[in-house]
Amino acid sequence: MSEQDILARIRELVETEHRLRARTEAGDLDPDTEQATLAAVEQTLDQCWDLLRQRRARADAGLPPDEVPVSSADQVEGYLQ
């Protein structure tokens, strides 16, 4: 997966967030469903941002960025705890 692929995925997830919020505001989606779906989208977004940061750090260090695995959601979500 290239950096451009990761950035495209991030844009796609942000658009999904916006659509969910708009549907909830319009009354087409109940808030509980919105929150559950948003939580999953935000978790995936966190993983994408983490992967992008790690790839860029490896590239800056002269290491191959393609060797960075995607961190688990639990790992990424646990960084601030």
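FYI, side chains are in, hydrogens and waters are out, and symmetry mates aren't considered; it's all heavy atoms of this structure. In what follows, residues are counted from 1 in the order of the sequence shown.
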*Asks:* Could you list the donor-acceptor pairs under 3.5 angstrom formed between side-chain atoms of residues 59-70 and any protein atom two or more places apart in sequence or on another chain?
*Replies:*
{"residue": "Asp66", "atom": "OD1", "partner": "Arg55", "partner atom": "NH1", "Å": "3.0"}
{"residue": "Asp66", "atom": "OD1", "partner": "Arg55", "partner atom": "NH2", "Å": "3.1"}
{"residue": "Glu67", "atom": "OE1", "partner": "Arg58", "partner atom": "NH2", "Å": "3.3"}

*Asks:* Determine whether Asp46 and Asp50 make a side-chain contact, defined as any pair of heavy atoms from C-beta on separated by less than 4.5 Å.
*Replies:*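 No. Closest side-chain heavy atoms not under 4.5 Å.
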*Asks:* Out of curiosity, Asp5 CG to Leu52 CG, how far, rounded to the nearest 0.5 Å?
*Replies:*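 The CG atom of Leu52 is 11.5 Å from CG of Asp5, to the nearest 0.5 Å.
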*Asks:* List the atom pairs, donor and acceptor, that lie under 3.5 Å between side-chain atoms in residues 12-19 and the rest of the protein, sequence neighbours left out.
*Replies:*
{"residue": "Glu12", "atom": "OE2", "partner": "Arg9", "partner atom": "NH1", "Å": "2.4"}
{"residue": "Thr16", "atom": "OG1", "partner": "Glu12", "partner atom": "O", "Å": "3.0"}
{"residue": "Thr16", "atom": "OG1", "partner": "Arg19", "partner atom": "NH2", "Å": "3.1"}

*Asks:* To the nearest 0.5 Å, how far apart are CE in Met1 and SG in Cys48?
*Replies:*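 It comes to 7.0 Å.
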*Asks:* Under 3.5 Å, which donor-acceptor pairs do the side chains of residues 36-45 form with other protein atoms, sequence neighbours left out?
*Replies:*
{"residue": "Thr37", "atom": "OG1", "partner": "Thr33", "partner atom": "O", "Å": "2.9"}
{"residue": "Thr44", "atom": "OG1", "partner": "Ala40", "partner atom": "O", "Å": "3.1"}

*Asks:* Do Ile6 and Trp49 belong to the same hydrophobic cluster, where Ile, Leu, Val, Met, Phe, Trp and Tyr are linked whenever their side-chain heavy atoms lie under 4.5 Å apart, directly or via other members?
*Replies:*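 Yes: a chain of side-chain contacts under 4.5 Å links Ile6 to Trp49.
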*Asks:* Which heavy atom of Ser71 sits nearest to which heavy atom of Gln54, and what is that distance?
*Replies:*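 That closest heavy-atom pairing would be OG-NE2, 3.2 Å.
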*Asks:* As an exercise, state the distance from CZ of Arg21 to CG of Leu29, rounded to the nearest 0.5 Å.
*Replies:*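 Going from the CZ atom of Arg21 to the CG atom of Leu29 covers 11.5 Å.
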